[in-house]
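Values reported hereafter were calculated over all heavy atoms of this structure, with side chains retained and with hydrogens, waters and symmetry mates removed.
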Amino acid sequence: MSTTLEVRQLNKAYSTTDGPLSILRGLDLTMQRGEALAITGPSGSGKSTLLYILGVLDSPTSGGVTLDGHDPFALSEARQAEFRNRQIGFIFQDHHLLPQCSVLENVLIPSLPGQGANSTTEARARELLDRVGLASRIAHRPAQLSGGERQRVAVCRALINQPTLLLADEPTGNLDRATAESVGTLLLDLNREFNTLLVCVTHSIELADRFPKHLELRDGSLESMA
């Protein structure tokens with residue numbers, strides 16, 4: 001199986017009044033389809049920065065990232081946006097559902113750019129919602145759902161375009177323990193079912209330890225927890 005995600009000597013620094021502030025230092029990472037990785041580390045260690053670079057929401061200072069052999073940072077901004085929409089799915093701590101839209105409409109939002117939603121994408125949205133136990137809630141608004149249900153809708157939205165890479169930033173951070181366990185199970189099950197790459201950053205050691213691979217971000221690089 002060929003490598004799908006490759007990060008090579010990734011560096012990220014921000015300019016400050018006291019000089020460059022280095023966040024990521026020579027970070028390397030390789031993953032293949034179907035793999036799931038949890039990343040932990042203290043606040044300020046660069047977990048979200050790494051996730052935003054992998055998601056092409058931020059750019060590295062130096063180093064490279066390729067996904068399925070493509071370097072998104074070699075693309076124009078418009079092509080980057082298209083790449084991000086088609087190749088990457090995002091799940092955040094806050095579900096970011098649009099309150100005025102139904103569950104089904106929220107799931108379909110990433111499919112709107114380009115050719116827009118059609119019967120095929122709507123059928124996929126319905127299948128995803130059925131898969132996560134929300135088939136009876138497709139016409140409901142987010143305010144009518146529990147926190148765990150909203151996060152399940154966010155998971156479906158992230159998967160609607162069949163992305164290669166699924167990125168989760170503290171996906172259970174706003175949930176109670178039982179609901180967090182349920183959402184964690186769902187993420188891992190769907191990762192295997194759809195053969196995606198899954199990278200999850202979290203402060204929850206309990207969630208991270210359920211992943212097949214768990215690394216810690218320390219001093220700007222990833223280290224094994226073994």
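- Residues Ser102 and His140 have side chains that never bring a donor and an acceptor to within less than 3.5 angstrom of each other.
- Remark: Gln100 CD is packed, more than 12 non-hydrogen atoms of other residues, nucleotides or ligands lying under 6.0 Å away.
- Looking at heavy atoms from C-beta onward, Met31 lies out of side-chain contact with Lys213 at the 4.5 angstrom threshold.
- Not a single side-chain hydrogen bond (donor to acceptor under 3.5 Å, both in side chains) links Glu35 to another residue, sequence neighbours left out.
- Of the N and O atoms on the side chains of Thr196 and Asn191, at least one donor lies less than 3.5 Å from an acceptor on the other residue.
- Side chain to side chain, Ser62 and Asn11 meet the donor-acceptor criterion of an N or O pair below 3.5 Å.
- Using a 3.5 Å distance cut-off with no hydrogens or angles, the side chains of Arg157 and Asn106 do not pair a donor with an acceptor.
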Chi angles and distances behind the salt bridge (Lys or Arg N to Asp or Glu O under 4.0 Å) call for Glu193, Arg131:
CA-CA 11 Å; Glu193 187 173 330; Arg131 173 64 182 78; 2.7 Å; yes
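- A salt bridge links Glu206 with Arg177; the closest basic N to acidic carboxylate O contact falls under 4.0 Å.
- Taking Ser204 as the reference, nothing meets the side-chain hydrogen bond (donor to acceptor under 3.5 Å, both in side chains) condition, with sequence neighbours excluded.
- The ring-ring contact (aromatic ring centres under 6.0 Å, His included) test applied to Phe90 returns Phe92, not counting sequence neighbours.
- A 6.0 Å sphere centred on CG of Asp219 holds no more than 12 heavy atoms belonging to other residues, nucleotides or ligands.
- Residues satisfying the salt bridge (Lys or Arg N to Asp or Glu O under 4.0 Å) criterion with Arg141, sequence neighbours excluded, are absent altogether.
- Between Thr121 and Arg124, the side chains place no donor N or O within less than 3.5 Å of an acceptor N or O (distance only, hydrogens not considered).
- Evaluation of the side-chain hydrogen bond (donor to acceptor under 3.5 Å, both in side chains) rule for Ser48 yields Asp169 as partners, not counting sequence neighbours.
- In this structure, the side chains of Leu24 and Thr49 come closer than 4.5 Å at one or more pairs of heavy atoms.
- Of the N and O atoms on the side chains of His214 and Ser224, not one donor lies less than 3.5 Å from an acceptor on the other residue.
- When the side-chain hydrogen bond (donor to acceptor under 3.5 Å, both in side chains) test is applied to Ser45, no partner is found at least two apart in sequence or on another chain.
- Checked by atom type and distance alone, the side chain of Asp68 never pairs as donor or acceptor with a backbone atom of Leu5 at under 3.5 Å.
- Between Glu181 and Arg210 no salt bridge is recorded (no basic side-chain N to carboxylate O distance below 4.0 Å).
- Between Thr61 and Tyr14 the shortest side-chain heavy-atom distance does not fall below 4.5 Å.
- Paired with Glu6 under the rule side-chain contact (heavy atoms from CB on, under 4.5 Å), one option of Asp71, Leu67, Asp28, Thr30 passes, and it is Thr30.
- Judged by the 6.0 Å and 45° rule, Arg84 forms no cation-pi pair with Tyr52.
- Side-chain contact of Thr164 with Gln87: a donor-acceptor pair under 3.5 Å is present, judged by distance alone.
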